[in-house]
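Only one structure is covered here, and it is reproduced in the block below.
Order of appearance sets the numbers: ligands from 1, and atoms from 1 within every ligand. Below, all heavy atoms of this structure are taken into account, side chains as well, without hydrogens, waters or symmetry copies.
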Amino acid sequence: MMMKWWQNAVVYQIYPRSFQDSNGDGIGDIQGIISRLDYLQELGIDAVWLSPVYASPNDDNGYDISNYQAIHPDYGTMADMDELIEKARDRNIRIVMDLVVNHTSDEHQWFIEAKKGKDSPYRDYYIWRDPVAGGVPNNLTSAFSGSAWTLDENSGQYYLHLFSSKQPDLNWENEQVRREVYDMMNFWLDKGIGGFRMDVIDLIGKVPDKEITADGPKLHDYIQEMHQETLKGRDVMTVGETWSATPETARLYSHPDREELSMIFQFEHILLEEEPDKSKWDIKDLDLVEWKKVLTKWQVELTADGWNSLFWNNHDTPRVVSRWGNDTTYRKESAKLFAILLHHMRGTPYIFQGEEIGMTNRVIQSVDEVDDIESRNMYYERLEKGYSEEELLHLINVRGRDNARTPIQWDDSKHAGFTEETPWLPVQPNHVEVNVKQALEDKESVFYTYQKLIRLRKENPILVRGDFKLLLPAHPTVFAYERQFEGERWLVCGNISSEPQEISLSESGEADVMIVSNYSRAAVDLKAIQLKPYEAFSIKLK
Ligand code: NOJ
């Protein structure tokens with residue numbers, strides 16, 4: 001089977017605002033990224049997913065785009081962007097751009113024109129409805145709290161926004177909108193980028209009048225059309241952000257014969273921390289047995305006819321070491337454990353910036369410290385509904401998006417080497433011990449576990465292509481699985497708990513050489529394995 005480059009690849013996500021400032025304004029920028037390409041090369045990654053750097057009023061930190069073909073001055077210029085693409089390519093790193101086309105900013109020229117009145121040639125680029133009984137057209141809600149409809153006083157009509165009121169939804173039914181999007185995509189593809197990460201792409205087929213948002217009837221027609229008009233014949237990767245995905249729909253998106261996307265991000269393992277059919281703020285404890293079952297389902301059900309992406313966290317989620325690991329006593333051990341468990345699975349792994357040094361969540365004490373629009377809106381909405389301040393701050397600390405967005409900790413200096421001036425979001429106090437400089441100097445650091453895992457994927461087709469089999473499905477804390485490919489078998493095992501565990505995996509046969517271990521373990525007796533807190537390892541089997 002011919003593998004595509006992105007099936008063997010490891011992708012690193014950069015949230016540019018927080019990566020590296022080069023001009024002392026406290027905001028990360030493109031020249032900052034260029035200055036850190038050597039670091040990324042040393043880590044060994046193949047592609048960067050770059051969160052938006054386009055012109056934007058930053059209501060949602062760049063996910064509200066006012067010009068798709070311009071770079072935000074905070075980040076630099078188009079010349080900087082071209083330089084980044086080229087200098088990354090020199091290091092065999094491809095730049096995958098964020099494509100945010102479910103909505104634009106309300107400051108995009110199209111929306112400014114559309115608002116001028118019902119006769120505007122751009123009116124139909126967006127979704128407008130008359131009031132119903134003097135109020136909103138229906139019950140659709142915004143992911144950022146409140147109704148998804150905002151009244152435009154001028155025309156007396158409401159426009160739809162599934163996110164903030166400054167993010168009006170584009171009308172994908174309009175062929176002209178689709179044409180504009182494809183032309184814009186080709187502009188970027190012609191620059192030689194490595195592909196696109198497609199923001200909430202499962203929403204573009206929405207049918208607002210039926211209150212259908214994800215998985216609308218024309219969704220896959222649009223993606224197939226997009227493929228024909230932009231991606232076809234180009235050696236690029238695409239990954240769709242699809243909160244609604246199931247293995248069945250994942251096959252629709254990623255079956256090669258269907259010519260849609262390379263892969264999607266599914267979120268089922270993350271949604272397990274939410275009460276079903278409620279919001280991300282209605283949290284429940286993670287059931288690890290369920291979690292293993294979900295991960296296994298995706299490993300087993302998406303094989304020849306589709307492709308998985310693998311990730312624990314991104315700019316919208318808390319950091320894995322704080323959420324599912326232990327970010328105090330066992331910070332390093334648990335950061336390495338999650339690395340080992342993810343990078344031995346089948347699919348394309350994604351690393352969120354800072355994950356490779358075990359960066360932790362941000363802890364806040366007051367809503368004044370919150371930058372993220374989603375957390376702020378939720379806070380004020382629920383405060384009015386009678387929730388206590390303490391409860392709401394707890395929710396933000398557990399699930400808020402600022403957790404992942406603090407500046408990268410490059411060294412132990414005042415602003416962690418991220419900037420010389422005041423950073424847009426404060427640097428975490430633990431940067432004095434958790435930082436890249438320290439990690440590079442310590443051969444036992446989390447960084448070198450990631451580096452080794454990335455290299456292993458390049459050298460061992462079993463990791464990319466092997467079958468997956470879950471072991472000990474009912475064990476409450478141990479995640480253990482086998483991979484198998486052309487007669488070779490590997491066993492991977494991790495104890496997701498701060499309590500030691502004793503297990504037996506004798507049915508897997510006999511252990512051969514140890515591959516990776518987060519406790520410098522040299523050997524293992526599969527009949528009786530004593531696992532230390534957050535211990536993880538992989539081993540070849542005879
Ligand atoms: C998903 C993005 O990852 C998130 O950051 C953003 O707020 C929404 N889509 C809206 O664009």
Checklist entry - For atom 6 (C) of ligand 1, what's the nearest protein heavy atom and its distance? => result Asp60 OD2, 3.3 Å
Checklist entry - Just checking, any donor-acceptor pair under 3.5 angstrom between side chains of Gln7 and Trp5? => result no
Checklist entry - Mind checking what makes salt bridge (charged side-chain N to carboxylate O under 4.0 Å, His left out) contact with Asp221, not counting sequence neighbours? => result none
Next on the checklist: Check whether Asp60 reaches the backbone of Asp64 with its side chain - one donor and one acceptor, N or O, closer than 3.5 Å.
Outcome noted: no
Item to check | Contact atoms of ligand 1, heavy-atom distance to Phe144 under 4.0 Å | outcome: 7 (O)
Checklist entry - Is the shortest distance from a heavy atom of Arg401 to ligand 1 less than 4.0 Å? => result yes
Next on the checklist: Using only atom types and a distance under 3.5 Å, with no angle test, would you say the side chain of Trp307 pairs donor to acceptor with the backbone of Leu261?
Outcome noted: no
Checklist outcome for this item: In this structure, atom 3 (O) of ligand 1 is nearest to the protein heavy atom Asp316 OD2, 2.4 Å
Checklist entry - Do the charged groups of Arg401 and Glu374 touch, with an N to O distance under 4.0 Å? => result yes
Next on the checklist: Show me which atoms of ligand 1 lie under 4.0 Å from any heavy atom of His103.
Outcome noted: 10 (C), 11 (O)
Next on the checklist: For atom 11 (O) of ligand 1, what's the nearest protein heavy-atom neighbour? Residue, atom name and distance, please.
Outcome noted: Asp199 OD2, 2.7 Å
Next on the checklist: With heavy-atom distances below 4.0 Å as the criterion, list the atoms of ligand 1 near Glu241.
Outcome noted: 1 (C), 3 (O), 9 (N)
Checklist entry - Any non-hydrogen atom of Arg197 lying under 4.0 Å from ligand 1? => result yes
Checklist entry - For Arg179 and Asn174, does a side-chain donor sit closer than 3.5 Å to a side-chain acceptor? => result no
